[in-house]
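Notes follow once the structure below has been shown.
First the proteins, then the strands, lettered A, B, ... as listed; each starts at 1.
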2 protein chains.
Amino acid sequence: MRVQPLHKGSNAERSRHRNRQAVLGQVHAAGAIGRAEIARALSLTTQTVSNIIAELSQDGMLLEKGRRSVGRGLPAMQYALNPEGGYALGIEVRPDAIFSALLNLQGQAVATERVPLNTNEPDHVLAHVAVVYARHLKQVPTAQNRMLGAGVVMPGPFGKTGIAVAGSDLTGWQEVDAEQLFSETINLPVMLSNDANAAAMAERITGAAQDVMSFAYLYFGAGLGLGLVHEGHLVRGAFGNAGEIGHIPIPGKDHKLEDALSRLSVQRHLHSVGKEARDIDALELLYHQGDPDLFRWLDAAGTALGHAMTIIENIFDPQTILLGGAMPAAILDHLVAHTPMPDISVSNRPGSHHPRLMQGTSGRMTATMGAAALILNRALNSSISHSL
Amino acid sequence: MRVQPLHKGSNAERSRHRNRQAVLGQVHAAGAIGRAEIARALSLTTQTVSNIIAELSQDGMLLEKGRRSVGRGLPAMQYALNPEGGYALGIEVRPDAIFSALLNLQGQAVATERVPLNTNEPDHVLAHVAVVYARHLKQVPTAQNRMLGAGVVMPGPFGKTGIAVAGSDLTGWQEVDAEQLFSETINLPVMLSNDANAAAMAERITGAAQDVMSFAYLYFGAGLGLGLVHEGHLVRGAFGNAGEIGHIPIPGKDHKLEDALSRLSVQRHLHSVGKEARDIDALELLYHQGDPDLFRWLDAAGTALGHAMTIIENIFDPQTILLGGAMPAAILDHLVAHTPMPDISVSNRPGSHHPRLMQGTSGRMTATMGAAALILNRALNSSISHSL
DNA sequence: GGATTAGCTCAATTCATTTGAATTATCAAT
DNA sequence: ATTGATAATTCAAATGAATTGAGCTAATCC
């Protein structure tokens with residue numbers, strides 16, 4: 001068996017590529033920044049950064065934002081990302097629909113769409129994706145020649161495993177190389193991921209975790225997912241299935257974590273008392289009405305969330321845990337505010353800079369935009385050389 | 001707040017440094033390998049690799065191992081790591097003793113020592129470490145000018161947390177910068193880590209996980225630790241305390257995982273029935289005698305191990321989980337052979353290349369040698385530029 | 001025994017960075 | 001208001017390390 005090298009060798013051109021990315025990353029992180037400051041941060045000379053910035057401006061990736069005087073000396077010309085300098089497509093394939101979002105370089109959605117599906121077999125899905133993508137490009141003509149790639153979110157786990165997500169699985173996707181298929185269909189580099197990982201990346205690019213290097217993201221999707229970001233990079237696991245936290249057994253009456261902590265769980269609980277909450281809005285309404293059954297569920301969910309936190313904190317020691325996904329913001333708020341912090345945890349430390357539990361982005365499109373964020377992150381943060 | 005860049009910029013010299021490391025890494029992974037093959041693996045030209053190999057041979061890091069004919073063409077000159085080309089010091093500080101090991105570039109221990117401690121306060125420990133290090137250098141004079149660095153293992157968790165390891169904590173270490181202190185004392189670059197992470201690195205450098213990029217290592221130390229290696233790199237967590245798995249609550253009569261699965265646990269269990277097993281050898285003896293009390297513990301431990309596996313596999317999705325540390329090999333063997341694999345897991349996949357649970361290195365020095373392996377790994381595998 | 005294949009080296013070239021000097025714009029002190 | 005210090009930036013030359021292309025060597029294949 002051939003042992004694959006961790007990292008390829010470096011040469012002048014690969015250095016330039018890496019430095020371009022690093023410069024973009026600095027600009028993204030700072031919002032607006034001058035050449036000399038970037039040079040200091042990257043341990044490069046101003047001359048080098050100057051050359052790279054000239055190149056990036058030429059390519060339309062950067063915009064001049066005027067000079068900013070901060071003390072003595074020549075005020076530095078500030079540069080910012082040109083939002084129209086690059087675009088990333090985000091595709092989320094669900095059993096019954098495709099969600100799609102086109103993000104610009106600053107992570108803003110410039111086009112979104114939802115396409116219902118009759119069948120979710122590969123050919124059918126791919127055809128719809130091609131059509132949606134074409135529609136986005138027509139809507140945003142600037143994106144035509146500036147596509148960085150596409151992120152695709154599909155329900156995990158990938159490959160054959162002991163977990164069968166009854167009913168929610170896609171048919172006919174087990175045996176195919178989805179990344180390859182999408183890449184051929186839309187003629188872009190594709191990154192495949194599960195919903196939680198993608199959502200975590202969205203938080204890192206534009207959301208609550210922009211300056212957080214290591215964090216965990218508990219994501220309410222169909223079940224309960226976990227996105228792990230360690231030192232700025234996704235922890236995907238050897239087979240891309242890291243973060244299937246919902247299936248972990250917990251002490252208590254419910255068998256698995258997601259039996260107590262998921263959208264399905266709350267819907268089942270409400271159903272058992274004769275109430276229905278078809279979607280996020282319905283749940284939000286019940287919450288604002290102070291529905292006692294919903295609050296009973298929230299109590300149990302909080303306990304489960306405490307267990308999840310103990311596990312995540314002790315195994316992964318993140319700076320913070322974010323809570324987000326397809327839940328009403330009010331419910332996420334409530335959980336963040338009312339979940340008792342576990343004592344027995346390496347994260348139970350005095351004087352911590354970040355709260356241990358924070359609210360992330362809420363809503364239906366979180367994972368879709370996260371899919372695109374996977375690509376943006378690669379363009380702005382990647383230390384791994386692109387496959388060229 | 002200044003956002004620290006993920007990666008510094010690159011230039012010709014940093015490229016060379018990186019390429020040198022990459023070449024060393026290839027040689028280490030292959031055992032013996034020719035220039036052209038390295039060049040292919042790293043996407044460099046043979047000329048470049050040739051230059052680097054000449055440099056590394058000059059520096060005494062590589063040895064020629066004769067030509068190997070594999071087919072047509074000029075047989076390639078094989079190169080291997082010169083074991084005497086570099087050394088790493090491993091220090092393990094325990095409450096009552098210091099363990100120390102000097103490893104050569106191939107990961108073999110060329111000197112080991114155990115120094116009992118009266119007190120484990122910083123000054124005292126540092127003085128002993130300096131003495132032991134000097135003794136090693138006298139024993140292995142070649143190492144004098146070829147020290148790559150020192151790895152130090154101390155009982156975690158680091159910093160103030162909600163976990164207090166009653167009695168096993170070191171006194172006076174909470175407020176000091178241990179890495180800094182060790183580095184000043186022995187005048188070497190120092191990497192600080194907990195036992196499980198270090199042991200995991202040892203498995204990757206010389207042990208059962210040499211060609212495994214992502215794995216988890218369950219380590220029997222004082223309690224139960226977890227070392228995580230993801231894509232060849234340790235996952236240390238934001239504050240260096242990742243892997244404190246022992247404190248996770250599990251379903252069942254025991255509160256925490258390490259109440260059922262640790263050396264302390266088996267000793268307590270045996271004590272409760274009037275038996276004593278002071279050390280590893282005593283445990284091994286009981287095992288070979290078929291002691292029914294020990295086997296009762298093993299059954300419970302296996303159940304707990306199953307829980308641990310479910311958590312690790314579903315959160316981290318590793319290629320395999322290794323079991324090692326300060327336990328008799330026979331007991332590790334037994335656990336590996338008799339633990340039922342959890343069904344509900346992303347790792348429960350047909351046709352997997354690695355077994356889901358494997359036996360790692362057993363014995364008292366595992367973590368100590370792992371400490372040194374942290375340094376070797378940096379020299380052979382690191383993608384992160386050394387602080388120069 | 002000649003053709004083919006593969007490993008390796010020499011010398012020249014190329015790429016991207018660094019170095020050092022010069023220029024410009026601002027602040028601060030006289 | 002003038003002068004000096006400071007900082008950002010650019011220009012041109014030098015440097016470091018990789019690539020390119022030609023040539024040599026030692027195996028196997030036919």
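Note on B:Arg35: a side-chain N or O is less than 4.0 Å away from OP1 or OP2 of C:dT9. Taking 4.0 angstrom as the limit, B:Arg68 places none of its side-chain polar atoms (N or O) nearer than this to OP1 or OP2 of D:dA27. Distances shorter than 4.0 Å separate some side-chain N or O of A:Asn19 from OP1 or OP2 on C:dT17.
When the nucleotides C:dT18, D:dT19, D:dT25 are ranked by their closest atom to the side chain of A:Leu44, C:dT18 comes out on top. The side chain of B:Ser50 has C:dC8 as its nearest neighbour among D:dT19, C:dC8, C:dC27. Side-chain proximity of A:Thr48 to C:dT18, C:dT24, D:dT19: nearest is C:dT18.
Taking every heavy atom of both residues into account, A:Arg16 and A:Asn51 meet most closely at NH1-C, 4.0 Å.
If you measure from atom CD of A:Glu37 to atom P of D:dA7, you get 13 Å, rounded to the nearest angstrom. The distance from atom NE2 of A:His17 to atom C1' of C:dC15 is 16 Å, rounded to the nearest whole Å. In this structure, B:Gln78 places its CD atom 10 Å from P of C:dG7, rounding to the nearest Å. Residue A:Asn11 contributes atom CG, which lies 14 Å from atom P of D:dA17 at whole-angstrom precision. In this structure, the CD1 atom of A:Ile38 is 14 Å from the P atom of C:dT17, given to the nearest Å. For the pair A:Arg67 CZ and D:dT9 C1', the computed distance is 8 Å after rounding to whole Å. Look at CD on B:Glu13: it is 12 Å from P on D:dT15, rounded to the nearest Å.
For A:Gln47 against D:dC11, a side-chain-to-base donor-acceptor contact under 3.5 Å is present.
Residue B:Gly73 is the one, among B:Gly73 and B:Ala36, whose nearest nucleotide of DNA chain C lies closer to the 5' end (criterion: closest heavy atom).
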